[in-house]
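Right, one structure below, let's go through it.
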Amino acid sequence: MARNMTQRGRVDLEGLRGPEVQAMKGIQPPADMPFRIGNMSHAVLVVRDIDASVRFYTQVLGFKVSDVYPESMVPGRMVFMRFNQDHHGLGLIGQATETSSGQELHHLAFEVPTLDDVFRARDHLEKHGVPIDFHGRRRAGCQVSVEFRDPDGHSLEIFWGLDKVDWDGEARPPEDWAPRPSLEEALDEAPPGQDTTLADPGLRRK
């Protein structure tokens with residue numbers, strides 16, 4: 001018996017086999033890509049009531065809080081939450097003024113397996129005319145990263161070296177974060193325990 005289905009639940013087999021869909025499915029990455037994304041690590045959401053959101057993610061979903069930025073560092077405060085050994089798998093920023101409209105995603109972060117790959121990613125993005133918003137080391141989590149935007153303006157991050165935190169452990173103290181505004185400075189001034197030796201020193205810029 002045929003069933004009425006919503007647009008979201010409908011499976012359009014004819015459309016799925018159509019030339020437009022098949023052409024898009026056939027798009028492949030370049031054979032000479034200088035790096036490979038290894039993981040999608042964390043999402044950051046803008047929320048209306050950060051206290052209620054933290055209660056939900058801890059009490060309902062079982063997340064743990066790794067770090068919190070006060071109002072003086074991020075308007076509305078920012079909370080870093082974890083559900084495995086990564087310093088954060090979810091971030092919350094209390095800046096929303098109304099209930100979600102489904103457009104509150106702050107950024108997506110993609111992990112690469114080596115520090116060299118972050119440097120290669122920066123070069124690759126610039127080669128393709130992608131403006132770089134930031135490269136270096138931010139604060140909590142201490143990952144070394146390159147931040148940029150997709151054609152729609154979504155903020156994206158390619159990173160390496162995110163802190164690991166034991167489930168019952170404590171996150172690295174703020175005094176050890178070592179934020180730096182460039183990849184080269186992130187190499188020279190690393191936080192305790194982070195090995196920032198490049199396998200290919202030629203990737204470094206003067």
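Hydrogens, waters and symmetry mates play no part in the numbers below; they use all other heavy atoms, side chains included.
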Do Met81 and Trp167 sit in the same hydrophobic cluster, where Ile, Leu, Val, Met, Phe, Trp and Tyr count as joined when their side-chain heavy atoms come under 4.5 Å apart? no
Val44 and Leu90, any side-chain heavy atoms less than 4.5 Å apart: no
If I take atom CG from residue Leu108 and atom CG from residue Leu156, how far apart are they, to the nearest 0.5 angstrom? 6.0 Å
Pick out which of His107, His106, His87 makes a ring pair (Phe, Tyr, Trp, His ring centres under 6.0 Å) with His42. His107
Please round to the nearest 0.5 Å and tell me the distance separating atom CD1 of Ile50 and atom CD1 of Ile93. 8.0 Å
Applying a strict under-4.5 Å side-chain criterion to I, L, V, M, F, W and Y, I'd like to know whether Phe119 and Trp160 cluster together. yes
Looking at every non-hydrogen atom in both residues, tell me the closest pair between Leu125 and Phe148 and how far apart they are. CD1-CD2, 3.5 Å
Flag side-chain contact, heavy atom, 4.5 Å: Val54 against Arg77: no
Pairwise side-chain contact, Asp195 with Leu115, heavy-atom cut-off 4.5 Å (strictly under): no
Residue Met24 excluded, over 12 heavy atoms near CE under 6.0 Å: no
Are Glu126 and His135 packed together at the side-chain level, in the sense that at least one heavy-atom pair is separated by less than 4.5 angstrom? no
Consider only side-chain heavy atoms of I, L, V, M, F, W and Y, link residues closer than 4.5 Å, and tell whether Val165 and Phe83 are in one cluster. no
Restricting to non-hydrogen atoms, name the atom on Pro191 and the atom on Arg172 that form the minimum distance, rounded to 0.1 Å. CB-NH1, 3.6 Å
Can you tell me if Glu147 uses its side chain to pair, donor with acceptor, with the backbone of Ser155 under 3.5 Å? no
Quick check: Trp177 with Phe80 (ring centres under 6.0 Å apart)? no
Any sub-3.5 Å donor-acceptor pair from Arg137's side-chain atoms to Ala186's backbone N or O? yes
Test your reading of the model: is there a side-chain donor-acceptor pair from Glu111 to the backbone of Phe159, 3.5 Å cut-off? no
Steps toward side chain to side chain contact (heavy atoms under 4.5 Å, CB included) verdict (Val118, Gln143): CA-CA 10 Å; Val118 178; Gln143 70 268 32; over 6 Å; no
Residue pair Asp168 / Lys64: nearest heavy atoms and the distance that separates them: OD1-NZ, 3.2 Å
A side-chain contact here means heavy atoms from C-beta on lying under 4.5 Å apart; do Leu92 and Phe56 qualify? no
In one Ile/Leu/Val/Met/Phe/Trp/Tyr side-chain cluster, 4.5 Å: Phe134, Val74: no
Side chain to side chain, Met78 and Val68, heavy atoms closer than 4.5 Å: no
Look at Arg120 together with Asp117 and state whether they make a salt bridge at an N to O cut-off of under 4.0 Å. yes
I need the Arg180 CZ to Cys142 SG distance, nearest 0.5 Å. 10.0 Å
With the threshold set at 4.0 Å, does a side-chain nitrogen-carboxylate oxygen contact exist between Arg82 and Asp163? no
Minimum heavy-atom separation for Leu105 to Ala43, with atom names? CD1-CB, 4.3 Å
Tell me whether Glu14 at atom CD has more than 12 heavy atoms from other residues, nucleotides or ligands lying less than 6.0 Å away. no
Would a hydrophobic clustering, with Ile, Leu, Val, Met, Phe, Trp and Tyr connected at side-chain separations under 4.5 Å, put Leu61 with Val65? yes
Closest approach of Asp86 to Ser41 (non-hydrogen atoms, all atoms of both residues): OD2-OG, 4.0 Å
Answer yes or no: is there a donor N or O on one side and an acceptor on the other, between the side chain of Arg205 and the main chain of Leu183, under 3.5 Å? no
How about Glu20: does its CD atom have over 12 heavy atoms from other parts shown lying under 6.0 Å from it? no
CG-NZ distance between Leu16 and Lys25, expressed to the nearest 0.5 angstrom: 7.5 Å
Can you pull out every salt bridge (charged side-chain N to carboxylate O under 4.0 Å, His left out) where at least one residue sits in residues 148-158? Sequence neighbours excluded, please. Asp133-Arg149
Determine, stepwise, if the pair Val144 / Gln194 fulfils side chain to side chain contact (heavy atoms under 4.5 Å, CB included). CA-CA 10 Å; Val144 179; Gln194 188 179 77; 3.9 Å; yes
Pairwise side-chain contact, His88 with Phe63, heavy-atom cut-off 4.5 Å (strictly under): no
Looking only at non-hydrogen atoms, find the nearest pair between Pro131 and Gly129 and report the distance. CD-O, 3.4 Å
Side-chain contact test, heavy atoms from C-beta onward, threshold under 4.5 Å: evaluate it for Phe35 versus Ile158 and give yes or no. yes
